[in-house]
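The sequence lines fix the lettering, A, B, ..., with proteins before strands; numbering per chain opens at 1. For the numbers below, each heavy atom of this structure counts, side chains included, while hydrogens, waters and symmetry mates do not.
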Number of protein chains: 2
Amino acid sequence: MQKQETLTKNQKIILDLIEKSDQPLKAYSILFDVKKKGINAPLQVYRALKKLVKIGKIHKIESRNAFIACKNSKCQIAKATVFSICESCEDVTEIHDHKLSEHLRDFKDNKGMKYNKYNLEFFGLCKKCV
Amino acid sequence: MQKQETLTKNQKIILDLIEKSDQPLKAYSILFDVKKKGINAPLQVYRALKKLVKIGKIHKIESRNAFIACKNSKCQIAKATVFSICESCEDVTEIHDHKLSEHLRDFKDNKGMKYNKYNLEFFGLCKKCV
DNA sequence: AACGCTGTGTAATAATATAACATTTATAAG
DNA sequence: CTTATAAATGTTATATTATTACACAGCGTT
Ligand SMILES: [Zn+2]
Ligand SMILES: [Zn+2]
Ligand SMILES: [Zn+2]
Ligand SMILES: [Zn+2]
């Protein structure tokens, strides 16, 4: 079977919502917003989120339990993500820095572990909040 | 007031438990284990965890909602953490790599954001699980 | 038609984390 | 020693985040 490129109805509804927001959304806030579209249960949201993360359309901000759209095709299917997070206003931005990516991609520990993914979150104060 | 160096009873109980484990522990598993020591409620655990994270005695593995002891004084009070996580056996190891730390410490985005903390999690397969 | 795979809908429940309140203990200042 | 204040405690209740379990539907392959 071919890899599925077309999203299902639920997946589309939820991706649309997340893409319209420039900031991360939480699962239950998504659920609240899509109730009018016939999505009634948490599981329907979590299933769509799982798929969307898997195909790299969205990323999970682990420290916030929230989901943000990927507007950049540079992420190799969600396998290499870097975010900056303002601890005051909670603004989240995805970072694409070539040198940093290279460094992380090439990182080898001394244990012979084989990495296929990483997630890096920077915390601080954005310009507005300094 | 001086910075408190001596931990309280609850904090000690919980730190002891986490330090005895070489792998991350979850809050409710900690709660279960310390009930025999008179700690009865989730909040008592979460409060101790919060303090222990703050003073750098333990770290939270964000992607796993679990807590691991820091055996290394190199972490500047929990402000700069790197972990490797095996996606098969869930083994977690804290990484201290000078070059990587330098690179991350010196990272500047193009938004003028001031960072004071970061957390990096590498995922893959450990030697045993390859 | 039979199969495997992915997704759906629904109900129930598990797992993670915090709010609110009254009280106690530790530390520092006067 | 007394008082003020910050930090921690104990308890109950509740909020938030996420998964299990089950029955079934759609689709492409054999
Ligand atoms: Zn991305
Ligand atoms: Zn900000
Ligand atoms: Zn550490
Ligand atoms: Zn492993």
Rounded to whole angstroms, how far apart are [atom1] on [X] and [atom2] on [N]?
X: A:Leu7; N: C:dT6; atom1: CG; atom2: C1'; answer: 13 Å
X: B:Lys26; N: D:dA18; atom1: NZ; atom2: C1'; answer: 10 Å
X: B:Lys50; N: C:dA17; atom1: NZ; atom2: P; answer: 13 Å
X: A:Leu49; N: D:dT19; atom1: CG; atom2: C1'; answer: 14 Å
X: B:Lys9; N: D:dT9; atom1: NZ; atom2: P; answer: 8 Å
X: A:Tyr46; N: C:dT13; atom1: OH; atom2: P; answer: 18 Å
X: A:Lys51; N: C:dC5; atom1: NZ; atom2: P; answer: 15 Å
X: A:Asn65; N: D:dA15; atom1: CG; atom2: P; answer: 18 Å

### Task
Tell me yes or no: between the side chains of B:Glu94 and B:Asn72, is some donor less than 3.5 Å from an acceptor?
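Distance-only check fails for B:Glu94 and B:Asn72.
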### Message
Quick one about A:Glu62 and B:Ser63 (side-chain donor to acceptor, distance below 3.5 Å, no hydrogens or angles considered), yes or no?
### Response
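Looking only at side-chain atoms, A:Glu62 and B:Ser63 do not form any donor-acceptor pair under 3.5 Å.
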### Query
Between B:Phe122 and A:Phe107, is the ring centre distance below 6.0 Å?
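Yes: the rings meet the under 6.0 Å criterion.
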### Query
On DNA chain D, nearest-nucleotide positions of A:Ser29 versus B:Lys54: which is more 5'?
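This one resolves to B:Lys54.
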### Message
Do A:Ile85 and A:Asp91 have side chains that approach each other closer than 4.5 Å (heavy atoms only, starting at C-beta)?
### Response
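Answer no - side chains too far apart.
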Using a cut-off of less than 4.0 Å, is there contact between a side-chain N or O of [X] and OP1 or OP2 of [N]?
X: B:Asn40; N: D:dT11; answer: yes
X: A:Gln44; N: C:dT10; answer: no
X: B:Thr8; N: D:dA7; answer: no

Given [options], identify the nucleotide with an atom nearest to the side chain of [X].
X: A:Lys60; options: D:dA18, C:dA17, C:dG7; result: D:dA18
X: A:Asn10; options: C:dG7, C:dG9, D:dT11; result: C:dG9
X: B:Arg47; options: D:dA8, D:dG10, C:dG9; result: D:dG10
X: B:Leu43; options: C:dG9, C:dT16, D:dT12; result: D:dT12
X: A:Pro42; options: D:dT9, C:dA17, D:dA18; result: D:dA18

### Salt-bridge criterion met for B:Lys117 and A:Glu87 (N-O under 4.0 Å)
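Salt bridge: yes.
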### Message
Quick check, does A:Tyr28 stack with D:dT17? I mean ring centres under 5.5 Å and planes off by under 30°.
### Response
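Stacked: centres under 5.5 Å apart, planes under 30°.
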